[in-house]
Structure formats: C-alpha cells, structure tokens
Number of protein chains: 2
Amino acid sequence: MTSPNDAARRPRYLQVREQLVARIQSGAWAPGQLIPSEIDIAKQFGVSQGTARMAVTALVAENIVTRRQGLGTFVYEHTREDELERFARVFNGRERIDADSRSWQPVPAKASRVERRELDLVAGCKVLRIRRVRVRDDIPFILERISLPEALFPGLAAHHELPDMLYGIYQRACAVMVVEAEERITAVLADRSTAKALRIAAGTPLLRIERVARALQGKPVEWRVSLCHLSADAHYLARLK
Amino acid sequence: MTSPNDAARRPRYLQVREQLVARIQSGAWAPGQLIPSEIDIAKQFGVSQGTARMAVTALVAENIVTRRQGLGTFVYEHTREDELERFARVFNGRERIDADSRSWQPVPAKASRVERRELDLVAGCKVLRIRRVRVRDDIPFILERISLPEALFPGLAAHHELPDMLYGIYQRACAVMVVEAEERITAVLADRSTAKALRIAAGTPLLRIERVARALQGKPVEWRVSLCHLSADAHYLARLK
DNA sequence: CAGTGGTCTAGACCACGTG
DNA sequence: ACGTGGTCTAGACCACTGC
C-alpha cells in the first residue's frame, strides 16, 4: 500500500535504503554486525518483503552490506583479504602482490592547496600525513604519501605501527567506511630521493598512482600518491565492464 | 510452480537468461533490436513476470542488453559514445580524451606465441594485425598494436580506414560483441622507433596498456598493446568498488 | 529444528515514451 | 491511449546455516 501523500515520489525501497544507511552511518549498527532480517525490515517499515529486499540489494551493490545465505545480512567489514581483493590492483603475473609496509607515524599539518582540493576541505583544515615504504620480500617497491582529514581520524596519530592495509583500521578505530575509490595513473621517472628510497637508479620509469578514496555519500576521506617500481611481469590490473 | 524433475536444480531465471543469451548469440536478435517484453518472455517460458525480470536484470548487469523505460529492452549496441564511456580510460583533467586514429590496413599473419596465449588460440591459427597512431589535435599520443583471431573477423581485412572506436565495427561487421576487458598497465621508456612515431624524445616515460577484450562466454577476441604519451594532467582513470 | 536469504508466483498500479 | 519497464504486494516454498 502506497501512502496517499507520497514523499517526493521517491520509490519506497529507496526510502527504506536511506533509513538503513542512516542507521549504519550513525553507528547504531556496527561493522560486521547482523542487521535485521528482510522480513523484520519489512515489518518495521510497513512494506512487503520484496520491497525490503530491493532496499537491501541496493546496499549490497554499494558494498555497504553483505548477504550470507542461511545466516543473515551484515554491515560490511573491511578485512585484510577483502581490502586486497578490492583495492590492491598491483599484480605479479597472476598473483596479487601483498606487501608489508614500514610507515612513519602520522604527522598533523595544515592542509596544502592540493590536499584541500582533493579532500574537499576548507582553508585552515588540518590533515594527517603518513609516509611509508611498502616492501615485498624485503625489497621496497612502493613509496607512498597518504593524507587524511584530521577531523575524521581522531586518535589515529597515536598509532605507531600501521598495517599495510589501512581501511580496516579506518573503520574500526575511526568509524570511517571506505566504499569506493578512483585512481589516476601516470608514468613518471624516479627522481633522486624516490630512487634512493626504492633503492633504484634515478630515471627508472615508475607507475604513479593517485587515489582518492570515498566514504558513504561520496565524501573523500583519503588522498594517496603511490610511486610503484614494478619488476619483470608486475603490472596494475584494471577491469573494464 | 517448479517442475518435479528440475534440470540440475538451476534457478529458472538463470535457465531463461541462458536461452536469451543463446538467441542473441545466434544472431536471431540483432544488435540494437527490441527484444520481447518481460511479459512476453514470461509467457514464452511459462514463468511469472518477476522471474522473467530477474533473467533480464542479469543480462543488463552483463551489458548484454539495455532497458529503456517506456520503450522496451534492446540488444546492446556499441555506439561511439558508449565505447568511449566504457573503454576509453585516458583523461585530460576531467575530460575524457577522444582521439582520431590513423591506422594501417589489417594484416593477416600466423599467430605468435604471445598472441596464441593471450587470445587462447591453437598453434597454426592466424591473426589480423592492426597498427595505428591515435592523435589528438593532430598530436600523436598513443601508438597501438592490435591482434584479432582471423577466424572471428572475416572481411575485416578489406576495411581500409577504420574508425578510432572499433567495437561498433566488430559488432556490426563481424557479429563479435565485446562485453568486458582487462587492462594490465606498466610504465616504460620510449624506445627509438616509438619515440619517432610519437614525435617525442627516446627515454620519455610512457604508460603501456595491454588489453584483452572478451566476448560472451569470456572468449578473448582482441589483444592490444597501447603506448601512451600523457601530457601535463592527462592520466588513466580507474574506478575501484 | 528454526531462521535466514534465494527463488517464484499472480496479480496490481505507476511513470514514462511514442503515436 | 497504449505498451513498456519500474515499483509493490502478500503470499509460498526451497536451500542453506547453525544449533
């Protein structure tokens, strides 16, 4: 049954979707937590199971929620494996490269012009900066600079040793759920300091990957620039559909 | 009602999906053609509209078919705009770069070892090779080698001038529908002949993009290697979800 | 076993594009 | 006005998981 004075004529299932997002965003439903069954959702919102299901399906498509048959539907939780699968696009032959990383402690600073633009911040905002080298079999191959809006990541500066995959930390320690990212890729030559950090010759061609990661509502929450020295048959893999 | 002796217990909607794919693959429904309405499909296969709809939804997700509200559902047709949107990932600032191309006529040849591996061909198979330079404002910026299994592209060698976007031609002239692709990306230095073709200095860093495009059933139908000279704020854009 | 998501039905009405 | 896809209902049974 559709109510007579329908709010802006938005489909019911999208309205339900929005309410569900709100509960997740508010933290009422924590990462990894079981959310109500489709039938319960239907009852709570006064819609049929089919409509509740459409709402949940939308969330699944956005990676906000995960369905497990026979178990239930859970708030998406970043795991190491998951983050590798979704966000680590550098491969060695057919194998995904998983790296270790050696990072400096996050450093607070006033956001630069570029940081303000990429992270959608106003003048005067502060950021946390992380620098690190990612290694594979003790061989450094990615030099990385990461910037985060300080306001969204309270307490992160206290972390001394950060893991290689960060989005689990963002989610658990700071309640920031990364749901998508864009990467802009170019080819550059290693300058002297980069070459030194990666233990290669200056002038070696590198892949420069600039990523902006976004949370719910498309809010940019991380800007990172990675300089990658790809050996032999290593490459960045993109899927086009 | 589900029949008692259900074929391999595959969901009905997937069985319907398969039948629809078969009709498209056979050419019974041509590119751009209107396919039967969901209600007609439901009647033809003896299922409800909901089930027919699930089958069509699966095809939409695979880019095999396109829904247009109020009009109907159509077999996917590669247009220039569409191919740009889906497959041209090189941008200049926020704008997608659309190029012109100057191509040599396709040349038949015996498939090399690499071509056999990438295109999944047996020894002795032949390929068509296309070489071209893609230009923007009369400035060459991509040098490209393309290999196609000759068996799938009869008559293509007769084409003298090929457009920059090829998948429309593949589809209309050769009934090959590209539905997905993978790109492996690395950074390389321009060698002498590449530098000459792109009118740049040898040793300039280039983006090397190696693409395998696939048709229905995951069959590889095109292998291409692009060497891209990206100026100023040009870049390759990847979306991660 | 009970409860979940996954599939499926047989309807209904709405929103949209074309004639 | 008509036919399309888009939304929605109120059921049903199946397949899977954990207890």
Student: Report the distance from atom CG of Leu14(B) to atom P of dT7(C), rounded to the nearest whole Å.
Tutor: 7 Å
Student: When the C1' atoms of the five terminal pairs at each end define the local axes, what inter-axis angle does the helix from dC1(C)-dG18(D) to dT18(C)-dA1(D) show, to 10 degrees?
Tutor: 20°
Student: Check the pair Glu77(B), Gln33(B) against side chain to side chain donor-acceptor pair (under 3.5 Å), reporting the backbone distance first and the verdict last.
Tutor: CA-CA 9 Å; Glu77(B) 182 168 33; Gln33(B) 188 181 322; over 6 Å; no
Student: Using the ring of Phe141(B) (Phe, Tyr or Trp, six-membered ring only), decide whether Arg134(B) places NZ or CZ under 6.0 Å from its centre and within 45 degrees of its axis.
Tutor: no
Student: Are the side chains of His78(A) and Val178(A) in contact, using a 4.5 Å heavy-atom criterion?
Tutor: yes
Student: Rounded to whole Å, please give me the gap between CZ in Arg12(B) and P in dA10(C).
Tutor: 11 Å
Student: Any idea which heavy atoms bring Leu230(A) and Tyr236(A) closest together, and the distance?
Tutor: CD1-N, 4.4 Å
Student: Could you say whether Gln49(B) or Met54(B) is positioned toward the 5' end of DNA chain C, judged by the nucleotide with the nearest heavy atom to each?
Tutor: Met54(B)
Student: Could you tell me whether the side chains of Arg67(A) and Thr57(A) share a donor-acceptor contact shorter than 3.5 Å?
Tutor: yes
Student: Whether the Gln19(A) and Gln44(A) side chains hold a donor-acceptor pair (N or O, under 3.5 Å, no angle test) is what I'd like checked.
Tutor: no
Student: Which is true for Val47(B) with a 4.0 Å heavy-atom rule: it touches a base, it touches only sugar-phosphate, or it touches nothing?
Tutor: sugar-phosphate
Student: Taking salt bridge (charged side-chain N to carboxylate O under 4.0 Å, His left out) as the criterion, tell me which of Glu210(A), Glu144(A), Glu182(A) meets it with Arg224(A).
Tutor: Glu144(A)
Student: So if I take residues 63-74 of chain B and measure heavy-atom distances to DNA chain D, which residues fall below 4.0 Å?
Tutor: Arg67(B), Arg68(B), Gln69(B), Gly70(B), Leu71(B), Gly72(B), Thr73(B)
Student: Could you tell me how far apart Asp40(B) (CG) and dC2(D) (C1') are, to the nearest whole angstrom?
Tutor: 14 Å
Student: Using a strict 4.0 Å threshold on nitrogen-to-oxygen distance, state whether Glu183(A) and Arg89(A) make a salt bridge.
Tutor: no
Student: How long is the line joining CG of Leu34(B) and C1' of dT4(D), in whole Å?
Tutor: 9 Å
Student: Please report, rounded to the nearest Å, how far the P atom of dC8(C) is from the CD1 atom of Ile41(B).
Tutor: 15 Å
Student: Anything under 30° is parallel, anything over 60° is perpendicular, the rest tilted; go ahead and classify Phe153(B) against Tyr170(B).
Tutor: perpendicular
Student: Where the side chain of Glu38(A) is defined as all heavy atoms beyond and including C-beta, which of dG5(D), dG6(C), dA10(C) is the nearest nucleotide?
Tutor: dG6(C)
Student: How many Å lie between OH on Tyr13(B) and P on dA15(D), as a whole number?
Tutor: 14 Å
Student: Can you tell me if Thr51(A) touches the phosphate of dT7(D), counting only side-chain N or O atoms and a distance under 4.0 Å to OP1 or OP2?
Tutor: no
Student: What is the distance from CD1 of Ile39(B) to P of dG3(D), rounded to the nearest Å?
Tutor: 10 Å
Student: Check whether any side-chain N or O of Ser37(B) sits under 4.0 Å from OP1 or OP2 of dT4(D), and answer yes or no.
Tutor: yes
Student: How close or far is atom P of dC8(D) from atom CZ of Arg10(A), stated in whole angstroms?
Tutor: 11 Å
